[in-house]
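Data block below; observations after.
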Amino acid sequence: MRQRKNFKSGKDARELPRREEPPPEFDFDLFKYTKILGLPILLALGIAYYLNPAIFTDAIQAYMGYSDNEMSRIMPGQDKPDFLADAHKRDAIVVAFKHAWLAYERDAMGDDEYHPISHEGTNLTAAGGIGYTVVDSIDTMLLMGLHQEYSRAREWVANKMTFDRNATFNTFETTIRVLGGLLSAYHLSKEDQIYLEKAVELADRILPVFNTPSGLPFTNVNLALREGRIDPSWPEFVSSSEVATLQLEFRYLSVLTGNSIYWEKAEAVMQTMKRGLMPHGLASIFLNWQTGEFVLSAMRLGSRADSYYEYLLKQYLQTNNTEVVYREMYSDAMDAVHKHLIKKSINSNMVYTSELIPERHPNGEISWRLTPKQDHLVCFFGGSLMLGATTTGALVHPVSIPPRPEELSESGKRDWKTGVNLIKTCMDTHSTATGLAPEIAHFRIASDGIGLDPRFPSDWYIKGAHMKPDELPPYDSRYILRPETVESLFLAYRLTGHDKYRNWAWEIFQAIETHCRVDTGGYASIINVDEVPSRKEDKMETFMMSETLKYLYLIFADARVLPLDKYVLNTEAHPLPILDIPPNLLS
Ligand SMILES: *[C@@H]1O[C@H](CO)[C@@H](O)[C@H](O)[C@H]1NC(C)=O
Ligand SMILES: *[C@@H]1O[C@H](CO)[C@@H](O)[C@H](O)[C@H]1NC(C)=O
Ligand SMILES: *[C@@H]1O[C@H](CO)[C@@H](O)[C@H](O)[C@H]1NC(C)=O
């Protein structure tokens, strides 16, 4: 691996890292070679073609994938391009992205959120938009090489976007979508300063949220007044995932600006959490922002906890495997997750994750109830476990693709296997009438009454889904264009090279096309994955363009686009480079 020193010397206080040299251009001139080598090579090529006609189409596809894609040219290349693009499918994803973006741009450009059926936009607050959808989509356009769409989006950011909004915004969502989107746009646009300026401005407006007795950030922030705000529904609490999913973004900003304040604030959160962790190693979903202690509350891998686990691993990877504290926290957490939350279903031994819910009894005692409920959100975890296995669980670096058993530690082998199996389970939750997975799946257990009822043949079910015709389906049966399964398929494909992951991704994409696509433009959530034709809901979440379509694109693209040894993707799928940490920022 070539790696240049990342920091310029100079008087500029803002020391900016240099990008890596682009890989050499693809240089294959058949004529040149035939002149030198003549007939023998033509004969050999002829025989090769006779034996395997695909080698030429593959080579051409690889070449096309390489040359017609802006980002794969400017991204650092892998030493050996193992994975060729599936140009046909990759381009179908680009068509889908344009179907989503152009409708938004036509109907709602600049508004935070988009409603594709009514053709309207809305803002998160009455004070006006903050670029929620535009900024979330920019790096996907850069990766896909959509130059015209990109330049219009950039113009909007440069001329129309402002964070001077006197209203309350969620700290975590604003960070992962807007700050994360600006940082990756900065990196992928070859350091277009506009994005860094906006990122600094936004982060400076967010920073006051960390001014609490514990250092845990407030759930909300007023961006104009630069003040942290409690969450009125949980005035004393903050969520584990929300406070522990700001670190990749704030750390990268410190490295870009040379100003360590962002990193210090974000890192203090991790120290507080580490101190507060209970011996079992799991994070409950709430903490008290005054004392910094964990609060008696559910423990799970789903909402309010998910990306705490994701970022433990990714912080270690982002710091180029130097911050050992995150590796240790991650290893402890994975042991605990295996001990307490990973279960197998009763009939076909499907691996799934359950939740532990505390219950207070009349005599004051507390017990933990195991609830076999798996959010779609948890489906990120299969790919994350596989990524962790090949890094924190690896005995050699880099491991083979796929890793050989002897290259992994015992816990690495365990995590790999659980990850592979969890992805299989997540794919099983796609065996619905639409081929799309529900928001929440429950797994049958012997004690739940219906657990062994032969009328429910599957190992999992959608709770409350047996409704009468005119009732609205339960919340659990929705699919809101979530990315987590395809996120795992992307990682699994890159780490194994197995075509089945591409095939599964294609099935999911086709299900989205069939059941969520709005003919006039955009994609909509559907309210019941088991109903055909689907009933749509008038909302296209911003993560459709920032995550779902990006991961699908990456699955079919050449693996030189965003190689996993050079990038971590934030929890909103914004790619950030793995850092060569300057010594003054090391704790
Ligand atoms: C959203 O905010 C922007 C900026 O203030 C404004 O121009 C736009 O009209 C707002 N959209 C809606 C639907 O209110
Ligand atoms: C911000 O909004 C609040 C409540 O809507 C208002 O009372 C206050 O004056 C506003 N502050 C500024 C600086 O606009
Ligand atoms: C990460 O560390 C490895 C081994 O020390 C080094 O070869 C590589 O260049 C580093 N990568 C980055 C992005 O700094």
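All ligand and atom numbering here is 1-based and tracks the order in the structure.
Neither the backbone nor the side chain of H115 has any atom closer than 4.0 Å to an atom of ligand 1 (non-hydrogen atoms only).
For ligand 1, the polar-atom distance check against T122 finds no nitrogen or oxygen pair separated by under 3.5 Å. Close N/O approach between G129 and ligand 1 is found [any backbone or side-chain N/O within under 3.5 Å].
Under a 4.0 Å N-O distance rule, the pair R517/D519 qualifies as a salt bridge. Under a 4.0 Å N-O distance rule, the pair E410/R414 does not qualify as a salt bridge.
Listed by number with element, the atoms of ligand 3 under 4.0 Å from a non-hydrogen atom of N320 are 1 (C), 2 (O), 3 (C), 8 (C), 10 (C), 11 (N), 12 (C), 14 (O). Atoms of ligand 1 lying under 4.0 Å from at least one heavy atom of G121, given by number and element, are 13 (C). Heavy-atom contacts of G128 reach the following atoms of ligand 1: 2 (O), 5 (O) (cutoff under 4.0 Å).
Within a 4.0 Å radius of atom 11 (N) of ligand 2, the protein has at least one heavy atom.
When only non-hydrogen protein atoms are considered, atom 8 (C) of ligand 2 lies nearest to N166 ND2, 3.7 Å. Nearest to atom 4 (C) of ligand 1 among the protein's heavy atoms is R165 NH2, 3.3 Å. Of the protein's non-hydrogen atoms, the one nearest atom 13 (C) of ligand 2 is L225 CD2, 3.8 Å.
The option with the heavy atom closest to atom 14 (O) of ligand 1, from among T125, D111, N123, is N123.
Counting only N and O atoms by type, the side chains of E249 and N570 include a donor and acceptor under 3.5 Å apart. In this structure, a donor-acceptor pair under 3.5 Å is present between the side chains of D204 and Y262. Checked by atom type, the side-chain pair D580/N320 shows no donor-acceptor distance below 3.5 Å.
Closest heavy-atom contact between V221 and V209: CB-CG1, 3.5 Å. The two atoms that bring Y114 and E120 nearest to each other are CD1-O, 3.4 Å, heavy atoms only.
The aromatic rings of H187 and Y252 lie perpendicular to each other, with more than 60° between the two planes, well past the 30° mark.
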